[in-house]
Structure formats: structure tokens, C-alpha cells
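Data block below; observations after.
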Amino acid sequence: MTPTPRLGLERISKTYAGSPAVRDVSFEVDEGHVMCLLGPSGCGKSTLLRIAAGVERQDSGVVRVDGRVVSGDASHAPPEARGIGLMFQDFALFPHLTVAQNVAFGLGRSLNGARSAVVGQYLERVGLSGYGAKFPHELSGGEQQRVALARALAPRPRVMLMDEPFSGLDQRLRDSVRDETLALLKEEGAAVLLVTHEPEEALRMADRIALMRGGAVAQVGAPYHVYNHPVDRKAAAFFSDVNVIHGEVRARQTDTPFGLFLTPGMVDRADVEIIIRPQHLKIEEDRGAPPPSTMRTGVPARGHVTRARFMGSESLIEVRMDHDGSLLKATVPGAYLPGAGAPLWLSLRREHCFVFPCERQSKVGNPWEDDRDRSGKRPG
Ligand code: ADP
Ligand code: MG
């Protein structure tokens with residue numbers, strides 16, 4: 001028998017003054033798992049988190065904690081009755097309370113012996129033993145964040161809801177605070193719903209990512225899956241720059257200057273887009289003759305460098321293609337800085353290409369031969 005999910009959202013919708021903020025969203029989060037709501041600003045992440053918390057009420061749909069309905073058509077439990085912990089970007093410690101009093105706040109008003117022990121235990125877990133008598137203004141941003149985490153965790157919530165909790169920290173601190181927080185959350189076994197608009201944060205923290213767009217979930221899956229099997233061009237482009245190579249279907253395949261791609265199920269004359277991330281282009285220097293074609297990388301096509309930039313761990317090279325004047329971006333590890341105008345051959349690592357119908361589709365109407373749901377196809 002599968003265990004009851006700690007947090008369950010079922011068909012949640014919410015509209016503000018006639019414009020939908022959340023549309024029919026369902027997902028579950030298990031004990032000890034982190035689900036990231038990822039998407040651009042305004043896509044409904046915070047609204048969904050506030051609904052899960054109970055500070056906002058959905059127009060329709062059901063919220064469950066441990067299988068128990070905490071909000072539905074007939075009932076709506078307040079946040080404090082849901083067994084949840086909350087952490088926001090402006091995590092607002094009480095400035096007039098000490099660190100220990102702040103952490104104790106979630107456990108009850110006063111600090112008795114048993115509560116002091118719990119407070120001490122959680123301060124130790126976030127690496128702040130001995131800080132109990134200090135006031136928030138005496139702490140750095142990262143330390144304050146850890147106090148907020150201790151405060152949220154001390155009541156041992158079943159579900160932890162976090163809305164961009166790291167975005168107030170400077171870059172240098174962020175990685176270590178993220179990793180420490182994640183380790184602690186895993187130890188506690190709470191189900192975590194983490195809102196972020198940063199793809200790197202979601203990839204780093206999540207067991208599963210729900211990619212949101214316009215109030216709806218566009219795709220859910222493990223970080224590896226969402227990154228490597230995007231449902232469409234926009235989903236691919238949310239995680240990195242992408243190159244787009246256009247083509248047209250002829251007899252279920254698409255011929256391009258980079259070789260043939262299979263496009264099964266698509267009708268003749270449908271426009272397709274072949275999407276590839278910059279790190280998956282292969283670069284070869286021009287030694288007169290074209291480099292050989294291979295099964296894995298197809299046919300090399302020639303272009304000329306427009307600029308090359310050193311980015312630290314990698315170099316970014318922009319190449320104007322000879323065949324159509326399009327600009328492709330390639331990244332390579334380390335320092336590789338060919339001069340502007342240098343001729344290069346580019347090929348596509350085919351297992352990393354995604355083929356989608358063109359989003360500005362019009363010429364042939366429906367690009368598919370039938371109506372089956374399709375996503376993230378690999379070229380043949
Ligand atoms: P995100 O957290 O992804 O940036 P939000 O959930 O905050 O997005 O907002 C989703 C949409 O709902 C936005 O268009 C926003 O303007 C709108 N919205 C959010 N909260 C309210 C509110 N209290 N009143 C009216 N509109 C709101
Ligand atoms: Mg938000």
C-alpha cells in the first residue's frame with residue numbers, strides 16, 4: 001500500500017477579480033520530499049502556497065494534510081490548525097524578542113523548561129548554539145535566516161511551506177544556507193513545498209519540480225526529467241538559453257543542414273523546431289574539409305565566430321551560420337576563445353535535441369497526424 005501523501009492539492013483554482021491566478025492544479029508531496037513550484041513571476045506560485053497554508057482560500061478544490069481535508073467546499077481550517085510550518089522571503093523575526101524567544105514563539109507564548117530544551121536543540125541543529133540571548137539585529141542575514149528556519153521547524157510541522165526563502169540572502173551565503181536547510185528538512189522528514197523562480201535553485205533543492213505557467217502546471221517531474229525531457233520549447237527555455245533550428249516535415253522526417261531528424265506522427269509541411277542547449281553543440285575547428293558526420297552528432301554545418309566570451313567555468317561562443325545567417329550559441333568548459341571571424345563547424349549531439357511542432361503553427365493547422373498527447377520527443 002502506498003503511504004498517504006503528507007500534502008495533497010486536488011483541482012485547486014483561484015480567481016482574483018475575474019483573472020485566474022491558479023487553474024485546476026493538483027499534486028501531492030510525500031514525507032521527506034521536496035516539491036518545488038517553479039515559474040516566472042506572476043504565474044501563481046505564491047497564491048498556491050498561500051492556499052496550501054490556509055491564509056488564502058481557493059474558489060474550488062481540496063487541500064489535504066495527511067489525508068485529512070483541511071480545506072474544501074464544506075470546511076476551511078486556519079493555518080495554525082493545519083500542522084504546517086511557514087517561511088517567507090521577508091521572514092520577519094520579532095526584533096524585540098531574543099533568538100531563543102523567537103524560536104520558542106511557535107511552541108507557545110512562554111519559555112518553560114521543556115520548551116527551552118527544544119529551543120536549544122533546534123538552535124544547535126541550525127548551528128547557532130549559544131546565540132539564544134542575542135537579538136536579531138546582532139545577527140547576519142544568514143544567521144537570521146537560520147533562526148527563522150529553527151522557528152519554523154521547532155513545532156515539528158508535518159508540512160513545510162517556503163516561499164522564496166533564500167532570495168533575501170546574498171549569493172555567497174545562499175548556496176551554503178540552501179544546502180544546510182535542505183539537509184535539515186530531509187532529517188525532519190517534513191513534506192516541503194518550496195516556491196522559487198530560479199531554475200538552479202529548483203534543480204538543486206527539489207525531488208520533484210512543478211513547472212508553472214499562467215496559473216497552471218505545465219510539467220511535473222524529477223529535476224533530471226524536467227530538464228532533459230521538456231514538454232515544449234518554453235519549458236526547455238526556462239532552464240537555459242536554447243538554440244532553435246527550424247525545419248519542415250517531409251514524409252515523417254525533417255531535413256536540416258545538421259542532418260535528418262525523424263518527426264514521426266507529424267503531417268507533411270508542418271513546421272518544426274529543433275531545440276538544443278548551448279552545452280550540447282559540438283564545435284570543431286575548420287581544417288579545410290568538413291569533419292565527418294556521425295550517428296551521434298549528425299552532419300556538421302559551418303559558421304563564423306561573431307564573439308567569444310569567458311564566463312569562468314565555461315566559455316560562450318556565438319557563431320553566425322553560413323547556410324542561413326542564424327546565430328547559434330555554444331558553451332564549452334574552460335577557456336576557449338577563438339577570434340571573431342574564425343570559421344568553425346558545429347554539430348548537434350542528437351540525443352540532446354528536442355523536436356517540437358513550431359509554436360507559431362498555422363500553415364497546416366494541427367501538426368499531428370492524430371490527437372495523441374505528445375511531449376519531449378527525441379529525434380530518431
Ligand atoms: P508568483 O508568486 O508566481 O509570482 P502570485 O501567486 O503572487 O504569482 O500571483 C499570481 C497572479 O495573481 C498575479 O497575476 C497576481 O497579480 C495575482 N494576485 C496575487 N495575489 C493577489 C491578490 N491578493 N489580489 C489580486 N490579485 C492577486
Ligand atoms: Mg511569489
Side-chain angles (χ1 to χ4, degrees), residues 7-29 34-63 70-71 76-79 82 84-92 141 144-145 148-149 152 157 159-171 174 177-178 181-182 185 191-221 223 226-227 230-240:
L7 175 66
L9 269 61
E10 193 184 313
R11 309 211 59 178
I12 300 290
S13 295
K14 174 80 185 174
T15 294
Y16 290 113
S19 59
V22 173
R23 306 166 192 245
D24 198 15
V25 171
S26 303
F27 59 78
E28 294 174 338
V29 191
V34 178
M35 166 73 97
C36 274
L37 297 179
L38 174 67
S41 178
C43 72
K45 307 180 296 292
S46 295
T47 301
L48 204 46
L49 186 120
R50 291 199 306 269
I51 287 168
V55 293
E56 192 82 71
R57 187 169 185 173
Q58 67 278 18
D59 298 334
S60 59
V62 177
V63 181
V70 295
S71 181
H76 183 72
R82 293 188 177 196
I84 53 161
L86 278 170
M87 242 178 114
F88 296 104
Q89 177 187 342
D90 47 354
F91 42 86
Q144 291 184 28
Q145 183 72 343
L149 180 64
V159 173
M160 190 68 179
L161 304 171
M162 308 173 95
D163 195 344
E164 315 242 6
F166 309 110
S167 54
L169 299 175
D170 67 63
Q171 185 59 48
R174 215 181 287 171
V177 176
R178 272 177 188 156
T181 302
L182 186 61
L185 290 169
V192 180
L193 188 60
L194 173 69
V195 163
T196 181
H197 65 275
E198 290 178 54
E200 308 78 44
E201 180 160 292
L203 292 171
R204 187 184 187 112
M205 304 281 294
D207 295 298
R208 283 196 305 151
I209 292 173
L211 187 61
M212 289 188 67
R213 188 189 293 163
V217 173
Q219 187 171 10
V220 189
V226 176
Y227 188 88
V231 282
D232 55 24
R233 172 182 171 170
K234 271 197 212 135
F238 197 76
F239 289 92
S240 75

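For ligands, and for the atoms within them, numbers begin at 1 and follow the listed sequence.
Every heavy atom of Gly39 sits 4.0 Å or more from the atoms of ligand 1.
Protein heavy atom in closest approach to atom 8 (O) of ligand 1: Gly44 N, 3.3 Å. Regarding atom 3 (O) of ligand 1, its nearest protein heavy-atom neighbour is Lys45 NZ, 2.8 Å. Nearest protein heavy-atom contact of atom 4 (O) of ligand 1 is Gly42 N, 2.6 Å. For atom 7 (O) of ligand 1, the closest heavy atom belonging to the protein is Ser46 CB, 3.7 Å. At the shortest separation from atom 19 (C) of ligand 1 among protein heavy atoms lies Tyr16 CE1, 3.4 Å.
Within a 6.0 Å radius of CZ in Arg11, other residues, nucleotides and ligands contribute 12 heavy atoms or fewer.
To the nearest 0.5 Å, atom OG1 of residue Thr181 and atom CE of residue Met205 are 6.0 Å apart. From Leu49, atom CG reaches atom CE of Met87 across 12.0 Å, with rounding to the nearest 0.5 Å. Within the model, atoms CZ of Phe166 and CZ of Arg174 stand 10.0 Å from one another, a figure rounded to the nearest 0.5 Å. Glu28 CD to Met35 CE: the interatomic distance, rounded to the nearest 0.5 Å, is 9.0 Å.
Within the 4.0 Å cut-off (strictly below), no protein heavy atom is located near atom 16 (O) of ligand 1. Atom 21 (C) of ligand 1 is flagged as protein-proximal [any protein heavy atom, distance under 4.0 Å].
With 3.5 Å as the limit, one finds a donor-acceptor pair spanning the side chains of Gln58 and Ser71. Checked by atom type, the side-chain pair Ser13/Asp24 shows no donor-acceptor distance below 3.5 Å.
Listed by number with element, the atoms of ligand 1 under 4.0 Å from a non-hydrogen atom of Ala21 are 11 (C), 12 (O). Against a heavy-atom cut-off of under 4.0 Å, Thr47 is close to the following atoms of ligand 1: 5 (P), 6 (O), 9 (O), 10 (C), 19 (C).
Taking 2.8 Å as the threshold, Ser46 counts as a candidate ligand of the Mg ion (ligand 2), since one of its N, O or S atoms lies below it.
Under 4.0 Å from ligand 1, the heavy atoms of Arg50 that appear belong solely to its side chain.
Checking Leu86, Leu193, Leu194, Val195 one by one against Asp163, the side-chain contact (heavy atoms from CB on, under 4.5 Å) holds for a single residue, Val195.
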